[in-house]
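The structure appears below as structure tokens.
By convention here, the first residue in the shown sequence is residue 1.
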Amino acid sequence: MVKKWVCAFWILFGYVLYGQADAVNVGTLPAEVNETSGLIFFNDKLITLNDSGNTPQLFEIDTAALAVTRIITIENAINVDWEDLTQDGDYIYIGDFGNNLGGRQDLAIYRIAKTDYIASDSVGAEMISFSYEDQADFNENQNSDWDAEAFMVLQDQLVLFTKQWQSGGTVAYGIPKTPGIHSATNLGSFPVEGLVTGATYNLFSGALFLIGYSQQLQPFVLRLDGLTDMFSFNGTEQKTILPVGFSQAEGITYTDEKTYFFSSERFTNSNPPITLEAGLYKFITADTSPGEENPEEPTEGENPEEEPEGEDPDGEAEKEELLIFINAGSKVMQYELNSESELFGRAIFDTAGRRLSLSHANSIDTNTIDLSILESSVYYLTFYLQGRTVSKAFFLN
């Protein structure tokens, strides 16, 4: 939502940056998404939405051409004040909880099935209605502490983060991710000293990133690590300034364990006169991929994917979480992943830690992998599970 600012912008030039991170401007977003307010990456597509008063639609963005390539209409929803997107394995969630005046009593989250989203450009949604367990005053005041623009999925709950205009902090609230009427439970607060506008929980790395900006339009990210199924601010919080100039940063998402995109809304101000176009940005963290952390190469003549011949009296093979099978001279792999943990993706790395392939869970429909494009060498087959990874070396003749 475009806000009119009365602060003196020149104070930014003396602003002390701490914890800077590299970030690049990918380019200007198309006019159809000038009020971009949330991001997710699904089915190898970047998806965004516009905020209050706009159409109830989602937009797929080509990150190379920076063009809208598909529009999906939510046929039974109203965009009162859509502010963020998140997802799990089965659903996309749309947060209609913008509440700048603090008086809304129709806060909602729309849930749409990913199967419906893939199949049609017009889909229906289920509604998750909620109220804050500790809000007693619904009198409207400009720039309320009951505004919210960020949320994410953690296990079986949605975690929402408020945008506190007055306090400059954020409060996390837990909400069941099932349709119905719910009370949002206070999970804790953090004095972020800024306005939180987006969230993404990286299932590959286990890192949560909150994005936002200061009252002077200085964008930042707040990183948390070591989350459990019960959310809490846990002492790992690290705030980092994003040195991309003035920006009303709004949405954030990840594409792999270390690559993130974030968007900014078009901003205009009359005094002093300033116009900032809606933009798309990218940054890369130092999070390591499985296989980068001192991989141990098999010794010459050792083929780690081959199981020893003969019986296994101790049943050790059955206890292995990941088994790999490649017939001699073949470049087709078969594997068995013995885990009940939720699967998010599958990748292959070389011994230098370079990721050579990545498949998201929704695109994995077989336990066979064609390795014909790979040369003879040692590689690592890696699976991203809920909160952890499983990786095993194999040798390709």
Side-chain angles (χ1 to χ4, degrees), residues 41 43-44 87-90 153-155 201-207 225-229 254-259 285 287-397:
F41 186 75
N43 207 23
D44 294 326
Q87 62 179 318
D88 58 19
D90 298 316
V153 173
L154 183 64
Q155 301 284 8
Y201 177 50
N202 193 320
L203 296 170
F204 297 147
S205 68
D225 290 289
L227 298 182
T228 67
D229 56 346
Y254 66 93
T255 60
D256 56 35
E257 65 280 353
K258 61 177 67 176
T259 306
T285 69
D287 293 309
T288 57
S289 305
E292 287 185 271
E293 301 174 0
N294 301 319
E296 295 182 6
E297 296 190 23
T299 59
E300 185 177 356
E302 180 183 359
N303 194 340
E305 81 279 3
E306 292 183 353
E307 295 298 315
E309 296 182 0
E311 297 182 357
D312 180 19
D314 297 324
E316 290 300 318
E318 294 181 1
K319 298 178 183 179
E320 289 192 49
E321 194 165 21
L322 176 59
L323 299 176
I324 296 174
F325 308 94
I326 304 176
N327 292 327
S330 174
K331 286 201 171 184
V332 175
M333 170 193 288
Q334 291 184 314
Y335 64 84
E336 290 183 8
L337 179 63
N338 302 310
S339 174
E340 296 182 357
S341 300
E342 185 175 0
L343 174 67
F344 298 109
R346 181 186 71 198
I348 293 177
F349 294 86
D350 63 16
T351 56
R354 291 185 294 265
R355 191 183 66 231
L356 306 178
S357 69
L358 173 65
S359 301
H360 293 274
N362 64 305
S363 65
I364 300 173
D365 55 9
T366 178
N367 65 341
T368 300
I369 304 175
D370 182 358
L371 304 174
S372 58
I373 63 172
L374 300 181
E375 299 178 352
S376 296
S377 186
V378 175
Y379 300 94
Y380 293 84
L381 176 63
T382 298
F383 290 89
Y384 299 98
L385 306 177
Q386 176 67 52
R388 63 193 182 93
T389 61
V390 173
S391 188
K392 189 171 185 178
F394 66 93
F395 180 76
L396 189 62
N397 288 318

Drop me the distance from [X]'s [atom1] to [Y]'s [atom2], to the nearest 0.5 angstrom.
X      : Y      : atom1 : atom2 : value
Ser372 : Asp370 : OG    : CG    : 3.5 Å
Gln155 : Leu227 : CD    : CG    : 10.0 Å
Ile326 : Met333 : CD1   : CE    : 4.0 Å
Leu154 : Leu203 : CG    : CG    : 9.5 Å
Ile369 : Leu374 : CD1   : CG    : 9.5 Å
Asn362 : Asp44  : CG    : CG    : 8.0 Å

Specify whether Tyr384 and Phe349 have parallel, tilted or perpendicular ring planes, treating 30° as the upper limit for parallel and 60° as the lower limit for perpendicular.
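Geometry flag for Phe349 against Tyr384: perpendicular rings.
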How far apart are the C-alpha atoms of Gln334 and Thr368, what are their side-chain angles, what is the distance that settles it, and do they pass the side chain to side chain contact (heavy atoms under 4.5 Å, CB included) test?
CA-CA 5 Å; Gln334 291 184 314; Thr368 300; 3.8 Å; yes
Do [X] and [Y] make a side-chain contact, defined as non-hydrogen atoms from C-beta onward lying under 4.5 Å apart?
X      : Y      : value
Ser339 : Leu385 : yes
Asn202 : Thr285 : no
Leu371 : Phe394 : yes

Shortest non-hydrogen separation from [X] to [Y] and the atoms involved:
X      : Y      : answer
Val153 : Tyr201 : O-CD2, 3.8 Å
Phe41  : Tyr254 : CB-O, 3.4 Å
Ile364 : Gly345 : CD1-C, 4.3 Å
Ala361 : Leu343 : CB-O, 3.2 Å
Glu375 : Lys331 : CA-NZ, 4.2 Å
Ser391 : Tyr380 : OG-CB, 3.8 Å

Between Ser363 (side chain only) and His360 (backbone N and O only), is there a donor and an acceptor less than 3.5 Å apart?
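Yes, because the side chain of Ser363 sits within donor-acceptor range (under 3.5 Å) of the backbone of His360.
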Whether the side chain of Glu336 engages the backbone of Asn367 through a donor-acceptor N/O pair (distance < 3.5 Å, no angle test) should be reported.
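Checked: no pair found.
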